Visitor: 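Have a look at this one before I ask anything.
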Number of protein chains: 2
Amino acid sequence: MKSSSTRQQIIDAADELFYAQGFGETSFADIAKSVSISRGNFYYHFKTKDEILDAVIEKRLSDREDMLRNWDEMSGNPAERIACFVRILIVNQTKIFAYGCPVGTLTMELAKLEHASSGNANRIMGLFRDWLIRQFSELGSGADAEARALHVLSWSQGVAALAQAFRDEAFVLREVDKILDWVGRGAPSSGLGQPGLAGI
Amino acid sequence: MKSSSTRQQIIDAADELFYAQGFGETSFADIAKSVSISRGNFYYHFKTKDEILDAVIEKRLSDREDMLRNWDEMSGNPAERIACFVRILIVNQTKIFAYGCPVGTLTMELAKLEHASSGNANRIMGLFRDWLIRQFSELGSGADAEARALHVLSWSQGVAALAQAFRDEAFVLREVDKILDWVGRGAPSSGLGQPGLAGI
DNA sequence: CTAAAAATAGGTCAATTGTCCTAGAGTGAC
DNA sequence: GTCACTCTAGGACAATTGACCTATTTTTAG
């Protein structure tokens with residue numbers, strides 16, 4: 001019981017530190033200090049740094065799965081669910097300004113390190129992609145569902161990237177509105193199907 | 001002369017390594033080995049690691065300025081110039097798949113490190129932004145020029161981020177086409193002005 | 001040619017890294 | 001109580017890090 005708690009504390013602290021500082025720049029000492037345990041105890045729970053990374057990725061994956069499942073159960077309207085996703089940019093604005101998107105930045109870092117867990121990290125991005133595809137399918141996007149999902153996902157990632165660079169609150173609000181608008185309009189303007197619906 | 005050459009070799013090697021491995025994961029030894037010089041010689045040219053970083057950022061900045069200036073001189077059509085910018089995603093696809101966008105990833109990393117040169121790195125992103133604003137102004141976007149510029153910039157950043165995660169060549173080609181389409185159409189679909197022009 | 005300056009080499013330094021190891025303390029079953 | 005097992009603490013390790021230093025060698029200036 002206690003051990004499970006300590007283990008979870010380590011994972012939580014590592015999750016936060018990996019997000020704020022990056023995986024490579026976070027040392028065992030950083031995590032141990034954050035949890036107030038000895039390095040020896042640390043190695044009882046995780047034998048290598050990669051093991052902690054994998055545990056953190058699994059936690060993030062499971063956290064996001066819970067989040068998406070909550071939205072699925074909360075609203076019967078796929079457009080509203082997509083809106084929840086996009087509005088993360090606003091809800092987590094402060095952290096995004098400082099540390100970027102947790103998923104995007106980890107994906108980038110591990111890809112650069114050519115780290116073995118890089119593919120694991122990509123699964124989180126894949127989770128978002130697949131969930132968005134499902135939402136757009138329910139929205140009646142048919143064969144365009146995947147393209148639209150990827151568009152929303154990449155758009156969000158881009159906004160997060162620029163948010164971190166410029167820290168422009170108005171920009172984030174404006175872009176979120178534009179994404180929601182695009183979703184609501186069936187997105188004819190992107191050159192994706194439904195040209196007849198081009199509104200305004 | 002010789003020294004200038006060595007110094008430039010160091011900057012070039014550091015530029016490449018910072019891109020491929022990240023700033024934090026690149027050591028003096030890595031760069032020295034890449035240039036085949038001793039660490040002692042290294043410290044003759046750069047007293048600290050931050051000094052190399054600043055030199056690399058200056059080089060990147062100046063490289064991008066040259067690139068943009070070339071496009072300015074090459075074509076009288078702003079839309080065509082913007083297209084050059086967007087098509088970097090295709091031209092540099094291989095490297096983007098592996099290392100992401102050089103500008104975006106450095107911006108992210110330095111922001112996370114809360115590094116003193118973070119603001120310097122952001123200047124490169126700012127260079128792109130300002131250049132794009134100018135192009136859209138010439139294109140007659142008026143007061144919307146900035147919003148459209150930021151849209152193209154964030155869109156590109158997002159595509160680069162997803163390209164790195166999924167390595168989907170078709171996705172990149174498709175998104176580039178969509179961006180060019182959006183630029184060519186005056187981008188009414190994003191909710192940015194000129195609604196009357198919304199074609200197809 | 002010669003003296004000053006620029007450039008290069010390589011050793012040394014303390015600090016930090018990830019990892020391993022052993023010695024206890026705590027806990028539960030019987 | 002005792003025994004086995006889980007958990008915790010902290011020392012030791014080699015390797016690597018950024019940084020400093022003192023000698024050489026090479027180049028340049030007069």
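Every chain is numbered from 1, with letters handed out A, B, ... down the list of sequences. On a predicted model such as this, the values are computed, not experimentally measured, just so you know.
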Visitor: Report the distance from atom CG of B:N41 to atom P of C:dA5, rounded to the nearest whole Å.
Guide: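 From B:N41 CG to C:dA5 P: 20 Å.
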Visitor: Quick one: list whatever passes side chain to side chain donor-acceptor pair (under 3.5 Å) with A:D50, sequence neighbours left out.
Guide: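 Listed in chain order: A:H115.
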Visitor: Applying side chain to side chain donor-acceptor pair (under 3.5 Å), name anything that partners B:W131, two or more places apart in sequence or on another chain.
Guide: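 Partners of B:W131 by the side chain to side chain donor-acceptor pair (under 3.5 Å) criterion, ordered by chain and then number, come out as B:D72.
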Visitor: If the condition is side chain to side chain donor-acceptor pair (under 3.5 Å), which residues does A:N122 pass it with, not counting sequence neighbours?
Guide: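 None.
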Visitor: Starting at OH of B:Y44 and ending at P of C:dT8, how long is that distance when rounded to a whole Å?
Guide: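 These atoms are roughly 8 Å apart.
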Visitor: In whole Å, what is the span from the CZ atom of A:F42 to the C1' atom of D:dG11?
Guide: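 Answer to the nearest Å: 18 Å.
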Visitor: According to side-chain hydrogen bond (donor to acceptor under 3.5 Å, both in side chains), does anything in residues 22-31 of chain A pair up with another residue at least two apart or in another chain? List the pairs.
Guide: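 Residue pairs with at least one partner in residues 22-31 of chain A: A:Q21-A:T26, A:S27-A:D30.
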Visitor: Residues from residues 21-35 of chain B sitting under 4.0 Å of DNA chain D, heavy atoms only?
Guide: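 Within this stretch, B:T26, B:S27, B:F28 sit under 4.0 Å of the strand.
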Visitor: Who pairs with A:R123 by side chain to side chain donor-acceptor pair (under 3.5 Å), at least two apart in sequence or on another chain?
Guide: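 A:R123 satisfies side chain to side chain donor-acceptor pair (under 3.5 Å) with A:E58, A:N120 only.
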Visitor: Strictly under 3.5 Å: I want the nitrogen or oxygen pairs between protein and nucleotides 20-25 of chain C, one per line.
Guide:
none

Visitor: Measuring centre to centre across the rings, with the benzene-like ring taken for any Trp, is B:F28 within less than 6.0 Å of B:Y43?
Guide: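 Centroid separation for B:F28 and B:Y43: below 6.0 Å.
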Visitor: Tell me the side-chain hydrogen bond (donor to acceptor under 3.5 Å, both in side chains) pairs involving residues 97-110 of chain A, sequence neighbours left out?
Guide: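 Every pair satisfying side-chain hydrogen bond (donor to acceptor under 3.5 Å, both in side chains) with a residue in residues 97-110 of chain A: A:T105-B:K112.
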Visitor: Using whole Å, what does the distance between atom P of nucleotide C:dA6 and atom NE2 of B:H45 come to?
Guide: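 Roughly 12 Å, once rounded to whole Å.
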Visitor: Quick one: side chains of residues 86-95 of chain B, donor-acceptor pairs under 3.5 Å with protein atoms, not counting sequence neighbours, listed by atom name and distance.
Guide:
residue	atom	partner	partner atom	Å
B:R87	NH2	B:E80	OE2	3.0
B:K95	NZ	B:E16	OE2	2.8

Visitor: CD of B:Q8 versus C1' of C:dA7: gap in Å, rounded?
Guide: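 Checked: the CD to C1' distance equals 17 Å.
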